[in-house]
Chemist: 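Can you read through this structure? Questions will come right after.
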Amino acid sequence: MNGLALEGALTVRNVTMPVSLSIGPTAVTPRSFNAQASTRIDRNEFGVTAYRGLAARYLDISVEVRCVRS
């Protein structure tokens, strides 16, 4: 991890909370850009207290983005 973060907002069930995604590995080529980011949220803060098959209170979210020049 390189210490960079992307700030934004996440909305779940009409509850919006600020989130900070930690930027992970990135790769740049002349035709593309790849990036990964992750965060951990407390589902209780979004009002998700009971859901079938969901046992953990904290959820890890990972995002991978690839941008390609056409």
Side-chain angles (χ1 to χ4, degrees):
M1 193 168 321
N2 55 17
L4 297 175
L6 177 65
E7 304 295 324
L10 176 67
T11 302
V12 177
R13 298 183 59 152
N14 295 321
V15 176
T16 302
M17 303 282 290
V19 294
S20 178
L21 293 161
S22 299
I23 305 296
T26 59
V28 179
T29 69
R31 296 199 42 99
S32 68
F33 172 80
N34 298 334
Q36 296 177 358
S38 61
T39 191
R40 174 173 277 196
I41 63 165
D42 180 348
R43 65 181 174 85
N44 289 346
E45 291 180 354
F46 290 92
V48 181
T49 56
Y51 193 73
R52 184 181 183 127
L54 196 58
R57 177 176 176 173
Y58 297 97
L59 304 175
D60 293 325
I61 298 174
S62 297
V63 178
E64 185 171 339
V65 177
R66 182 169 190 214
C67 301
V68 179
R69 182 178 291 188
S70 56

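A quick note: this is a predicted structure, and the numbers were derived from the prediction, not measured. Side chains included, hydrogens not; waters and symmetry mates left out as well; all remaining heavy atoms used.
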Chemist: Are F33 and I23 connected into the same hydrophobic cluster when the rule is that any two of I, L, V, M, F, W, Y join if their side-chain heavy atoms are below 4.5 Å apart?
Modeler: no
Chemist: For the backbone of N44 and the side chain of T49, can you confirm whether one donor and one acceptor N or O come within less than 3.5 Å of each other?
Modeler: no
Chemist: Compare every heavy atom of R13 with every heavy atom of F46, then report the nearest pair and how far apart it is.
Modeler: O-CB, 4.4 Å
Chemist: Return yes if some donor-acceptor pair links the side-chain N/O of R43 with the main-chain N/O of A56 below 3.5 Å, else return no.
Modeler: yes
Chemist: Counting only heavy atoms not in N14, do more than 12 sit closer than 6.0 Å to its CG atom?
Modeler: no
Chemist: Please report the interatomic distance CZ(R40) to OG(S62), rounded to the nearest 0.5 Å.
Modeler: 10.5 Å
Chemist: Using modelled atom types and a 3.5 Å cut-off, is there a donor and acceptor pairing between side-chain atoms of R66 and backbone atoms of N34?
Modeler: no
Chemist: Once rounded to the nearest 0.5 Å, what's the spacing between atom CG of L21 and atom CG of L4?
Modeler: 12.5 Å
Chemist: Of all heavy-atom pairs between S20 and E7, which one has the smallest distance, and what is that distance?
Modeler: OG-OE2, 2.9 Å
Chemist: What do the steps show when you test V19 against I61 for side chain to side chain contact (heavy atoms under 4.5 Å, CB included), and what is the final call?
Modeler: CA-CA 11 Å; V19 294; I61 298 174; over 6 Å; no
Chemist: Do you know which two heavy atoms are closest between T26 and A35, and how far apart they sit?
Modeler: CG2-CB, 3.9 Å
Chemist: About how many Å separate CD of Q36 and CD of E64, when rounded to the nearest 0.5 Å?
Modeler: 4.5 Å
